[in-house]
Structures are given as structure tokens and as C-alpha cells.
Amino acid sequence: MNVKPDFTRSANQAATAPAYFSIHDIHAYYGESYIVQGVSFNVHEGEILALLGRNGAGKTSTLRACARVGSPELRKGEIWLDHQPLHTMNANQAAQAGLGLVPEDRRIIPGLTVEENLKLAQIAPPLGWSIERVYELFPRLGERRKQEGVTLSGGEQQMLSIARALCRDIKVLLLDEPYEGLAPVIVDEIEKTLIEVKKLGMTTVLVEQNAIRALELSDRAVILDTGGVVFDGSAAEVLADESLRAEYLAI
Ligand SMILES: Nc1ncnc2c1ncn2[C@@H]1O[C@H](COP(=O)(O)OP(=O)(O)O)[C@@H](O)[C@H]1O
Ligand SMILES: [Mg+2]
């Protein structure tokens, strides 16, 4: 059994119960490029956390370091998910531990239908969502179950990418710019789904350039700048603080 360390003793953290998903002082490199420079934040069970910051701030790199995909390389720090030490794992193990990264490029598998994409993601025996349950949440995917995944619209591909993660019985959903390139009406639809998923108790980290929309949906926000955390607080606080938004989010 893994025992979660008591991070509450470190100098700059409040003495609260350990969080469900906890990133503690992570440092990550692309070769010799030092990119993630000591990022720490906590995500509580069932909440949506917006991870924001300008282009190049290190948001994608932070998500990738958490998912243990190998690049960037995590050289220091700890990542805990529900008492499991992700920092000791490889990408497959982290996925099995319950981390569901939905990458920016969506990665729909060519040559497979919508349903085959979902079935491939399901673990056997299926501990995750059933395909029917996925179609209840995403009726559009049900209508297009026999269509080749890569021929879907951008919004539908995003839905398929999220649905695939849900099929894996995940504990934390990491979304990298899910609204990118999508029409506002499709963003509305995806947002509604994220609200449904939250009602089911999912814990979500939402990276978005569309910061206002992300903040309106989120409980808390963390802002990154040049590989470090410059804000950690409530989403409402960021929405109310024009100078903070202007300085770090350019909105
Ligand atoms: N594969 C890579 N190799 C080297 N540097 C990279 C690589 N990917 C991203 N970077 C650099 O890391 C920094 C953070 O990038 P990224 O995490 O993608 O930021 P964000 O997602 O916040 O826009 C940027 O300076 C970017 O140029
Ligand atoms: Mg990015």
C-alpha cells in the first residue's frame, strides 16, 4: 500500500486534508530545456479546476508530465492521485491508475468507426462506462456510431475523445483546450456535457485559451506563467480581478 506523504507540513501550503489529485513541486525538461519549474497545485474530488496562462506558459507540458508520457521528462516532484504515486509510473500505469488525458490533437484512430474507437478504449472486463451510457451522454456519437471517427466534425471528434477517456473508468479528466477551433454552439454542447460529467462526481482539470468560458464553468483556477504558478484561488476571484486577467491572461 502506498501512503500519501503529508505535504501540509511544507512552508507555503495550508494545513488541509491531502487533495484527491495533488501535484507537488514538479520540474520537467525537454532535453536540456527546463520548462515546468516547480509547479504545485491540488484538485479536490468532484471539482473543475481551470489551468490557465498565456500561450507557452507550460499548461500542456504540465498535463503531459502528469500523464507520464515521457516528454517532457519529469525529473523532480510528486504527483498523487487518490493515494497512488503517479510520479513513479509510466504512461500506461498512470492511465490505469485513473488519469485520463484528452490531448489537444484528439488522436482519433483512423480506419475505425466511432464505436470501434470507443471499444478500443474500454478496458476488459469493462469497468468503465458502457457504450450505451456514453451514447446517452453524447447522443451525436450514438447517431454516428458506424461512421469513421476521423470523418466527424471537430466538435464531434472532441466529444469522442472525451467519451473514450470516460470508457476507461478514470478518476481525473485532463482536458487540453477542448474548445479550440470549435463554433460557440458546439462549445455550448461540450460545456453541457462537462457539467453532466461533474454531476456524476468527476474531477476535471480544464486547460483553455478561452479563459472566461473556462472560469465560468470552474470552481477554482490556477494560473501558470513561464513554468510556475502565479495564482491559485477561486475562479470567481479571477473573473472579478481585471488586472490579474490583463497581466497573465491578456483578457
Ligand atoms: N517538445 C518540445 N520541445 C521543446 N520545448 C517545448 C516542447 N513543447 C513545448 N515546448 C516549450 O515549452 C514551453 C511551454 O509549452 P506548453 O507547455 O506547450 O505551453 P502552453 O500549453 O501553456 O501553451 C514553451 O516555451 C514551448 O516552446
Ligand atoms: Mg498547450
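We count ligands from 1, going down the list as the structure has it; atoms in each ligand are counted the same way.
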Atoms of ligand 1 less than 4.0 Å from S61 heavy atoms?
14 (C), 15 (O), 16 (P), 17 (O)
Within-cut-off N or O pair, K59 and ligand 1, under 3.5 Å:
yes
For I35, the atoms of ligand 1 under 4.0 Å from one of its heavy atoms are 11 (C), 12 (O), 13 (C), 14 (C)
min-distance protein heavy atom vs atom 18 (O) of ligand 1 -> T60 CB, 3.7 Å
Between D25 and H27, do the side chains contain an N or O donor and an N or O acceptor separated by less than 3.5 Å?
yes
Any heavy-atom pair between the side chains of L175 and L194 that's under 4.5 Å?
yes
Is S71 close to ligand 1, meaning an N/O of one under 3.5 Å from an N/O of the other?
no
Short side-chain donor-acceptor distance under 3.5 Å, Y135 and E115:
yes
Pairs meeting criterion side-chain hydrogen bond (donor to acceptor under 3.5 Å, both in side chains) with involvement of residues 45-54, two or more places apart:
E47-R220, R54-D225
What protein heavy atom sits nearest atom 9 (C) of ligand 1, and how far off is it?
Y30 CE1, 3.6 Å
For atom 26 (C) of ligand 1, decide whether some protein heavy-atom distance is shorter than 4.0 Å.
no
Do you know the tightest heavy-atom contact between H87 and L74?
CB-CD2, 3.9 Å
Atom NZ of K198: over 12 foreign heavy atoms under 6.0 Å:
yes
Distance check below 2.8 Å: does S61 bring an N, O or S atom to the Mg ion (ligand 2)?
no
Ligand 1 to R54, heavy atom cutoff 4.0 Å, flagged ligand atoms 22 (O)
Closer than 4.0 Å: a protein non-hydrogen atom to atom 22 (O) of ligand 1:
yes
What residue and atom, counting heavy atoms only, is the protein's closest point to atom 24 (C) of ligand 1, and at what distance?
G56 O, 3.8 Å
Check whether any side-chain heavy atom of L81 lies under 4.5 Å from a side-chain heavy atom of Y20, and answer yes or no.
yes
Nearest-contact summary for atom 19 (O) of ligand 1 - protein heavy atom, Å
G58 N, 3.2 Å
Report, in ascending order of atom number, the atoms of ligand 1 lying under 4.0 Å from any heavy atom of N55.
23 (O)
Note: E156-R144 ion pair, threshold 4.0 Å (strictly below)
yes
Do NZ/NE/NH1/NH2 and the carboxylate oxygens of D188 and R213 come within less than 4.0 Å?
yes
